[in-house]
Amino acid sequence: MKKYWIATMAGFMLFSGTAAAAAELQIPAAYVAIGDSLAAGQTPERQIDAGYANLIAQELSRNQPVASFSKSLAFPGFTTNDVLESIQTDEAGEVLSSANLITVSAGANDLLRLVQNDPKQGSLTFQQVQVDFALNKARKNMDLILAELTEQSPGAAVYVMGYYFAYPHVRDNQKNGTAKQLDRLNEILQRSAEKAGAIFVSVDQSFGANAVDKVPNAADVHPNVAGYQAMANAFFREYQEAWTVEDLELPPPNPLSFEQIMEAQEQEDQENPEDSEVEETAQRPSDHSPTGYLALQESIPHI
C-alpha cells in the first residue's frame, strides 16, 4: 500500500506545480550504471548478483515509468582510467546516447589496490606517496569521466556514488589511516561532481567503521545485499527521499560465477557472431578478472 500511495503522490506532484521534489525525476527513466565492481554487483564471494544498480532500477520501476536499465558498462576491477576508456568506445556511445539517469562508481580501485590487507592479523598497510599519486590521478580522471558523460549524455542526471570504509574487520588501531584516505577519495569525488553539475551520493555514514553486517568477508571489500541496499537508499535520499528499498523488497540471491558468465557470453557470441566483434577496451574488466559479463547487460522494457 505504501508504494502505491507514494507513486500516486509523485504523479500528483508533477501536475500540482510542486517542481522542487519532482524536478529530479527522469520520466521515463533510461538508467545506466557505469563503473567498477560495486556498479556491477560483485558479492563478497567473488560472484555477480543484484547490486545497488539493480535495486535502484527495481525501486524506480515501482514508482515511475522505466524505459531501460543497463549495467553493461560496469566491470569488476575497473579503475578510473578503465572507466574513462570504456565510456569512450562506440559500444558505450550507443548505451549512453539514450541515457537520462546515470550512476558512476569509480575511484576505489585506484586506491584500494595499494592497500595491503592481512585478514589474519587484522592489519592494513600502504605507502603514502603511492596513495597521493593515485588519488591525484583519480581526480583528473573523474573530471574527464564527467566531462565525457556531459558530452555523450547531455540531458542526463548524473549521480557520483561515494565509497564506504571497506575494512570493518581489522583492528581498531589499524582503521584510521586507510579511513582517512577513503575520506580523501570521497572529497575528490564530491568536488568533481559539484564542478560538473552532477550529484554526489554519500554512503559512508550508512556503513561507518564497523559494518561487518554489510561487509561480511574479512578478506574481501565487497558488500552483501544489505550493503547494496544501503547504497541504493543513499541514492534515493538524493533522487526522491520518500522512496526506499525495504527489506521485504530485496530479491532472492541468484549469484553467477565468473565462469558461468563467461560460458553464457561465449554461447551468446556463437548465436550472434555479428555482435561479438566489439572494442577490446569495452570488454576487459581488469588485468585480474575474467572478461565477458553478459550477465551485466540487462534491460527493462518500458512500463
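In summary, of the residues considered (T80, V201, V160, L146), a side-chain contact (heavy atoms from CB on, under 4.5 Å) with L189 occurs for V160 alone.
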Full working for side-chain contact (heavy atoms from CB on, under 4.5 Å) between F236 and L60
CA-CA 9 Å; F236 282 112; L60 287 172; 4.0 Å; yes

Stepwise side-chain contact (heavy atoms from CB on, under 4.5 Å) check, N117 with V170:
CA-CA 8 Å; N117 174 28; V170 302; 3.9 Å; yes

Please report the C-alpha distance between E59 and R62 in whole Å, then the side-chain angles of each, then the deciding distance to 0.1 Å, and finally whether the salt bridge (charged side-chain N to carboxylate O under 4.0 Å, His left out) criterion is met.
CA-CA 5 Å; E59 187 67 17; R62 285 194 174 98; 3.7 Å; yes

Intermediate values then yes/no, side-chain contact (heavy atoms from CB on, under 4.5 Å), L96 and L73
CA-CA 10 Å; L96 293 173; L73 299 177; 4.0 Å; yes

Checking side chain to side chain donor-acceptor pair (under 3.5 Å) for the pair Q42/D36: CA distance, chi angles, key distance, verdict?
CA-CA 9 Å; Q42 185 166 328; D36 55 26; over 6 Å; no

Test ring-ring contact (aromatic ring centres under 6.0 Å, His included) applied to Y159 and F235, step by step:
CA-CA 8 Å; Y159 292 77; F235 165 83; 4.9 Å; yes

Any chance you could lay out the side chain to side chain donor-acceptor pair (under 3.5 Å) test for Y163 and S105, step after step, and finish with the verdict?
CA-CA 8 Å; Y163 288 96; S105 281; 4.7 Å; no

Using the side chain to side chain donor-acceptor pair (under 3.5 Å) rule, take Q181 and Q128 through it: C-alpha gap first, then chi angles, then the decisive distance, then the call.
CA-CA 9 Å; Q181 308 314 311; Q128 188 65 58; 3.2 Å; yes

Full working for side-chain contact (heavy atoms from CB on, under 4.5 Å) between Q47 and L256
CA-CA 5 Å; Q47 297 174 311; L256 290 174; over 6 Å; no

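Interatomic distance, CD of Q88 versus CG of L144, reported as 8.0 Å (0.5 Å rounding). One distance of note links NZ of K140 with CD1 of I188; it measures 11.5 Å at 0.5 Å rounding. Note that CG of N224 is 11.0 Å distant from CG of D49, once rounded to the nearest 0.5 Å. One distance of note links CG of D90 with CD of E94; it measures 7.5 Å at 0.5 Å rounding. Atom CH2 of W243 sits about 13.0 Å away from atom CG of N233, to the nearest 0.5 Å. In this structure, N210 CG and Y167 OH are separated by 15.5 Å, a value rounded to the nearest 0.5 Å.
The closest donor-acceptor contact from the side chain of K71 to the backbone of A40 lies under 3.5 Å. In terms of modelled atom types and a separation under 3.5 Å, the side chain of H169 and the main chain of A219 share no donor-acceptor contact. Here the side chain of N109 pairs a donor or acceptor atom with the backbone of F78 at under 3.5 angstrom. A distance-only check finds no donor-acceptor pair linking the side chain of N100 to the backbone of G155 [under 3.5 Å]. In this structure, the side chain of Q152 engages the main chain of I87 through a donor-acceptor pair within 3.5 Å. With hydrogens and angles disregarded, a donor-acceptor distance shorter than 3.5 Å links the side chain of Q229 to the backbone of V245. Formation of a donor-acceptor pair under 3.5 Å by the Q174 side chain with backbone atoms of L124 is found in this model. Checked by atom type and distance alone, the side chain of T79 pairs as donor or acceptor with a backbone atom of D82 at under 3.5 Å. Not one N or O on the side chain of R113 forms a donor-acceptor pair closer than 3.5 Å with the backbone of G77. Side chain of Q26 to backbone of A156: no donor-acceptor contact under 3.5 angstrom is found.
Salt-bridge check for E187 with R184: failed, with every basic side-chain N at 4.0 Å or more from each acidic carboxylate O. At a threshold of 4.0 Å, the pair D143-K195 counts as salt-bridged, since one of the basic side-chain nitrogens sits closer than that to a carboxylate oxygen.
The minimum heavy-atom distance linking D204 with S202 is given by the pair OD1-OG, 2.8 Å. Of all the heavy atoms in S97 and S153, the pair that sits closest is N-OG, 4.5 Å. When every heavy atom of P223 is checked against every heavy atom of L38, the shortest pair comes out as CD-CD2, 3.5 Å. Residues S72 and V95 approach most closely at OG-CG2, 4.0 Å, considering heavy atoms. Summarising the geometry of P76 relative to I48, their closest heavy-atom pair is CG-CD1, 4.0 Å, with the distance given to 0.1 Å. Contact detail for P251 and L55: the closest heavy-atom pair is CD-CD2, 3.6 Å.
Contact check for V131 versus L111: side-chain heavy atoms found under the 4.5 Å cut-off. Taking 4.5 Å as the limit, some side-chain heavy atom of L182 sits within range of a side-chain heavy atom of L112. Using a 4.5 Å heavy-atom threshold, the side chains of Y228 and L250 count as separate. With contacts defined as side-chain heavy-atom distances shorter than 4.5 Å, the pair Y239/I56 does not qualify. Side-chain contact between N54 and F69 is present, with at least one heavy-atom pair separated by less than 4.5 Å. Inter-residue side-chain proximity for M231 and F207 is flagged as met; some heavy-atom pair is nearer than 4.5 Å.
Residues that satisfy the salt bridge (charged side-chain N to carboxylate O under 4.0 Å, His left out) test with D172, not counting sequence neighbours, are K175. Residues that satisfy the salt bridge (charged side-chain N to carboxylate O under 4.0 Å, His left out) test with D213, not counting sequence neighbours, are absent from this structure.
Heavy atoms of other residues, nucleotides or ligands lying less than 6.0 angstrom from CD of Q127 number 12 at most.
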